Structure formats: structure tokens, C-alpha cells
Amino acid sequence: MPKSAWSRGDRPTQERHHATISLSVPPLLGFDSVGRITVVDDVITSGATLHACVLRMEEAFPSAQIAGFAVVRTISGVTQLPAAFAPVREGEGQVVLNADGSTQRTP
């Protein structure tokens, strides 16, 4: 799938990302158990890629606590520029999968 940042018009959905992501299950990775996993993304816009990655990790590691982290989040206006790099405390940010298949991140 093309990189989301290169998309013109409609961005790839969480469902499309999820369909293209695969990973090895724990025996192939050499892990007996995993307690906590942090999925890291460089830039988060709507959260579709990060949400799909977290879902795949939950499927492979159902007992693990899984969190997402993005280095920077996009903004929708110049007045939000200072907030683009402001930290979001653990548990305060979220990505929601909407009924129509779109994702929405806050903040």
C-alpha cells in the first residue's frame, strides 16, 4: 500500500491498513510472553495506520498491554502549531474507529 502521506484525496482507511499488515506470532519471534508493547509511528494524522498496527499486535499478543506513540501529530490550522509538538500524557490521547470505518484521533 502506498504511504499515507503520499495519498491524494482519500487517505487509506484503518481497514485497508489492517489488511496489509502481518507479523510473526510469538514462537517465531522467540518470545514466550510479552507484558507491554509500544507501537511507534513518526507522524499521526487520523490515526488509521497506528490503530491498524495496534489491532494486529493485540491479535498476536492478546495478554499484552499495548500503547501507541507518535513523534508528532498533524494540525488543521496555524493556530494549533504550538500544540503539534506538545506532549500528550499517557492515557490522554486516543484513536477511535468510527462506524463508517474512518478514524479520529484526539488530541
Side-chain angles (χ1 to χ4, degrees):
M1 168 176 357
K3 182 176 171 69
S4 294
W6 298 337
S7 299
R8 299 287 182 234
D10 292 334
R11 297 176 65 83
T13 63
Q14 180 274 341
E15 181 179 36
R16 185 167 175 212
H17 281 294
H18 188 261
T20 63
I21 298 169
S22 64
L23 53 100
S24 299
V25 292
L28 296 176
L29 292 173
F31 297 115
D32 292 327
S33 66
V34 176
R36 181 176 171 98
I37 298 169
T38 302
V39 179
V40 179
D41 198 355
D42 56 351
V43 177
I44 186 170
T45 302
S46 70
T49 305
L50 190 59
H51 194 275
C53 290
V54 167
L55 284 179
R56 279 288 182 221
M57 297 303 280
E58 288 175 343
E59 293 166 4
F61 303 96
S63 62
Q65 180 183 5
I66 302 173
F69 172 81
V71 176
V72 67
R73 60 187 182 273
T74 60
I75 59 169
S76 59
V78 70
T79 59
Q80 296 178 353
L81 186 57
F85 295 95
V88 176
R89 293 184 181 173
E90 185 173 357
E92 290 182 4
Q94 65 177 343
V95 177
V96 176
L97 180 61
N98 298 314
D100 66 358
S102 65
T103 50
Q104 181 177 0
R105 94 160 138 88
T106 55

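Predicted, not measured: the structure shown is a model, and the values here were computed from it. Reckoned from all heavy atoms, side chains included, excluding hydrogens, waters and symmetry mates.
- For V43 against D41, the heavy-atom pair with the smallest separation is O-OD2, 3.4 Å.
- Minimum heavy-atom separation, A52 to I21: CB-CD1, 3.8 Å.
- Heavy-atom minimum distance, I44 versus A70: CG2-CB, 3.5 Å.
- The main-chain N or O of H18 is never found under 3.5 Å from a side-chain atom of R16 such that the two would form a donor-acceptor pair.
- Among all heavy-atom pairs drawn from G93 and P107, the shortest one is CA-CD, 3.8 Å.
- Distance check, rounded to the nearest 0.5 Å: CG of L50 to CG of D42 gives 10.5 Å.
- The line from CE of M57 to CD1 of I37 is 3.5 Å long, rounded to the nearest 0.5 Å.
- Every pair passing salt bridge (Lys or Arg N to Asp or Glu O under 4.0 Å) that includes a residue from residues 78-93 is listed here, sequence neighbours excluded: R36-E90.
- With hydrogens and angles disregarded, a donor-acceptor distance shorter than 3.5 Å links the side chain of D100 to the backbone of S102.
- Residue pairs satisfying the salt bridge (Lys or Arg N to Asp or Glu O under 4.0 Å) criterion with at least one member in residues 68-82, sequence neighbours excluded, are absent.
- Once rounded to the nearest 0.5 Å, the distance linking CG of N98 with OG1 of T103 reads 7.5 Å.
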(request) Let me see the working for V95 and V54 under side-chain contact (heavy atoms from CB on, under 4.5 Å), right down to the final yes or no. (result) CA-CA 10 Å; V95 177; V54 167; over 6 Å; no

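- Judged as a salt bridge (Lys or Arg N to Asp or Glu O under 4.0 Å), the pairs with a partner in residues 49-65 (not counting sequence neighbours) are, in order, R56-E59.
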(request) Show your working on side-chain contact (heavy atoms from CB on, under 4.5 Å) between L55 and H17 and close with a plain yes or no. (result) CA-CA 10 Å; L55 284 179; H17 281 294; over 6 Å; no

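- Counting all heavy atoms, side chain and backbone alike, I66 lies closest to F61 at CD1-O, 4.2 Å.
- A distance of 9.5 Å separates NE2 in H51 from CD in Q94, rounded to the nearest 0.5 Å.
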